[in-house]
Q: 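Starting off with a structure, shown below.
All figures in this text were calculated on a predicted structure; none of them were measured in a lab.
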Amino acid sequence: MESKKKILLCCTGSVATIKAINIIQLLHSIGDNIEIKVVFTKYATHFCDPKTILEAGAEVYKDEDEWSAWQQRGDPVVHIELGKWADILLIAPLDANTLAKMAHGLCDNLLTSTVRAWDLSKPLLFCPAMNTRMWDHPLTASQITQLKSWGYIEIPCIAKTLMCKDVGMGAMAEPETIVETVKKYLF
């Protein structure tokens with residue numbers, strides 16, 4: 001029997017988090033041997049109710065879970081356990097704030113702590129998603145270059161009409177593109 005492929009999907013405070021359900025459904029359509037856990041930042045929950053993620057067949061983790069799981073020495077540390085569990089880490093969407101945190105090594109929430117403790121022998125894919133004005137800022141390119149220098153894999157953003165009605169680069173890649181890329185690294 002083939003062992004399950006374990007995907008850790010991380011969602012940040014970008015409006016593109018509304019596509020999390022679609023990404024999960026597409027990941028599940030790969031086959032029965034897929035297991036998904038989802039990490040939400042505090043602001044990701046503004047765009048997607050964690051209950052809908054549970055209904056879609058994925059376990060959900062939030063910052064509070066990091067602190068409630070640990071009471072004393074020997075207890076599990078959630079960000080370490082998630083990293084050990086997962087075969088692949090997918091950040092979709094990766095907002096400008098979390099991009100900056102990752103590029104500078106900050107780990108002030110469950111998602112960034114999980115990334116900081118990630119085993120670099122396993123794939124980490126990230127999908128930038130932000131307003132065109134943020135995308136065009138010079139810091140963005142240098143921060144993405146920094147992540148890629150560590151072996152992280154970018155699934156590039158696309159140009160389109162954004163939710164705010166601005167037109168340009170910065171929209172998260174389409175869920176189908178994201179899942180096709182995940183498949184390349186998972187199998």
Q: Determine, step by step, whether Phe126 and Leu147 satisfy the side-chain contact (heavy atoms from CB on, under 4.5 Å) criterion, reporting the C-alpha distance in whole Å, the side-chain angles of both residues, the deciding distance to 0.1 Å, and the verdict.
A: CA-CA 9 Å; Phe126 66 96; Leu147 297 189; 4.0 Å; yes
Q: Looking at Ala20 and Cys48, what are the two nearest heavy atoms and their distance?
A: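 Smallest interatomic distance, heavy atoms only, reads CB-SG, 4.5 Å.
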Q: Mind listing the closest non-hydrogen atom pair of Ser14 and Asp95 along with its distance?
A: CB-CB, 4.0 Å
Q: Drop me the distance from Leu27's CG to Leu9's CG, to the nearest 0.5 angstrom.
A: 7.0 Å
Q: Can you see which heavy atom on Leu111 is nearest to which on Cys11, and at what distance?
A: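 Of all heavy-atom pairs spanning Leu111 and Cys11, the closest is CD1-O, 3.9 Å.
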Q: Are Trp135 and Leu139 connected in a single hydrophobic cluster, I mean Ile/Leu/Val/Met/Phe/Trp/Tyr linked by side-chain heavy atoms less than 4.5 Å apart?
A: no
Q: Just so I know, are the side chains of Cys107 and Val115 near enough to count as touching, which here means a heavy-atom distance under 4.5 Å?
A: no
Q: For Lys5 and Glu35, run side-chain contact (heavy atoms from CB on, under 4.5 Å): C-alpha distance rounded to whole Å, both residues' side-chain angles, the deciding distance at 0.1 Å, then the answer.
A: CA-CA 6 Å; Lys5 300 293 185 179; Glu35 191 174 346; over 6 Å; no
Q: Does NZ belonging to Lys101 count more than 12 external heavy atoms closer than 6.0 Å?
A: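 Yes, NZ of Lys101 has more than 12 neighbouring heavy atoms, counting only those of other groups under 6.0 Å.
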Q: Testing the basics here: between Phe40 and Asp49, what is the closest heavy-atom pair and its distance to 0.1 Å?
A: CE1-C, 4.4 Å
Q: Quick check: closest heavy atoms across Ile91 and Thr12, and the distance to 0.1 Å?
A: CG2-CG2, 4.3 Å
Q: Got a second to check how far Ile178's CD1 is from Glu176's CD, nearest 0.5 Å?
A: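 Those atoms lie 9.0 Å apart.
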Q: Considering non-hydrogen atoms only, spot the tightest contact between Asp65 and Val60 and give its length.
A: OD2-O, 3.9 Å
Q: State the OH-CG distance between Tyr185 and Asp87, to the nearest 0.5 angstrom.
A: 15.5 Å
Q: When you measure from the side chain of Thr140 to the backbone of Asp136, do you find a donor-acceptor pair of N or O atoms at a distance under 3.5 Å?
A: no
Q: With a 6.0 Å cut-off (strictly less than), is the heavy-atom count around CG of Asp119, excluding the residue itself, greater than 12?
A: yes
Q: Are side-chain heavy atoms of Ile155 and Met172 found at a separation under 4.5 Å?
A: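 Side-chain contact under 4.5 Å: no.
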Q: Below 4.5 Å, heavy atoms only, C-beta onward: do Tyr152 and Gln146 meet side chain to side chain?
A: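 Counting from C-beta outward, Tyr152 and Gln146 never come under 4.5 Å.
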Q: Tell me every residue that passes salt bridge (Lys or Arg N to Asp or Glu O under 4.0 Å) with Lys42, counting only those two or more places apart in sequence or in another chain.
A: none
Q: Between Asp63 and Asn109 (side chain of the first, backbone of the second, donor and acceptor by atom type, cut-off under 3.5 Å), is there such a pair?
A: no
Q: Can you list the steps and then say if Leu186 with Lys183 is a side-chain contact (heavy atoms from CB on, under 4.5 Å)?
A: CA-CA 5 Å; Leu186 201 54; Lys183 285 166 59 174; 5.7 Å; no
Q: Give, for atom CG of Leu162 and atom CE of Met169, the distance between the pair rounded to the nearest 0.5 Å.
A: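 The CE atom of Met169 is 10.0 Å from CG of Leu162, to the nearest 0.5 Å.
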Q: Is it true that Val78 and Trp85 fall in one hydrophobic cluster, defined by side-chain heavy atoms closer than 4.5 Å?
A: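 The answer is yes; both residues are in one hydrophobic cluster.
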Q: How many angstroms lie between atom OG1 of Thr114 and atom CD of Glu66, to the nearest 0.5 angstrom?
A: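 Answer rounded to 0.5 Å: 6.5 Å.
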Q: Are any side-chain N or O atoms of Thr98 and backbone N or O atoms of Leu94, one a donor and one an acceptor, separated by less than 3.5 Å?
A: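 A pair under 3.5 Å: no.
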Q: Does a side-chain heavy-atom distance below 4.5 Å link Leu125 with Pro123?
A: yes
Q: With no hydrogens and no angle check, is any side-chain donor or acceptor of Thr17 less than 3.5 Å from a backbone partner on Thr45?
A: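 Judged by distance alone, no pair lies under 3.5 Å.
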Q: Just so I know, are the side chains of Phe187 and Asn33 near enough to count as touching, which here means a heavy-atom distance under 4.5 Å?
A: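 Result yes, sub-4.5 Å side-chain heavy-atom pair found.
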Q: Backbone N or O of Gln71 within a donor-acceptor pair of the Asp75 side chain at under 3.5 Å?
A: yes
Q: So, taking the atom named CG in Leu8 and the one named OH in Tyr61, what distance separates them when rounded to the nearest 0.5 Å?
A: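 Taking CG in Leu8 and OH in Tyr61, the distance rounds to 9.0 Å.
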Q: Answer yes or no: is there an ion pair linking Glu81 with Lys37, defined by an N-O contact shorter than 4.0 Å?
A: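 The answer is no: the pair does not qualify as a salt bridge.
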Q: With the 4.5 Å side-chain cut-off for hydrophobic clustering, are Ile30 and Ile23 part of the same group?
A: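 Same hydrophobic cluster.
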Q: Kindly work out whether a path of hydrophobic side-chain contacts (I/L/V/M/F/W/Y, heavy atoms less than 4.5 Å apart) joins Ile36 to Leu90.
A: yes
Q: What residues, two or more places apart in sequence or in another chain, satisfy salt bridge (Lys or Arg N to Asp or Glu O under 4.0 Å) together with Lys122?
A: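 With sequence neighbours excluded, Lys122 shows a salt bridge (Lys or Arg N to Asp or Glu O under 4.0 Å) to no residue whatsoever.
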Q: Check this for me: does any side-chain nitrogen of one of Glu154 and Lys148 sit under 4.0 Å from a carboxylate oxygen of the other?
A: yes
Q: Is any side-chain heavy atom of Lys19 less than 4.5 Å from a side-chain heavy atom of Glu174?
A: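 With C-beta onward as the side chain, the pair touches.
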Q: With the 4.5 Å side-chain cut-off for hydrophobic clustering, are Val38 and Leu110 part of the same group?
A: no
Q: Verify side-chain contact (heavy atoms from CB on, under 4.5 Å) between Ile34 and Lys4, making sure each step is shown before the conclusion.
A: CA-CA 5 Å; Ile34 300 293; Lys4 288 196 178 268; over 6 Å; no
Q: Determine yes or no for a side-chain-to-main-chain donor-acceptor pair under 3.5 angstrom, with His104 supplying the side chain and Leu106 the backbone.
A: no
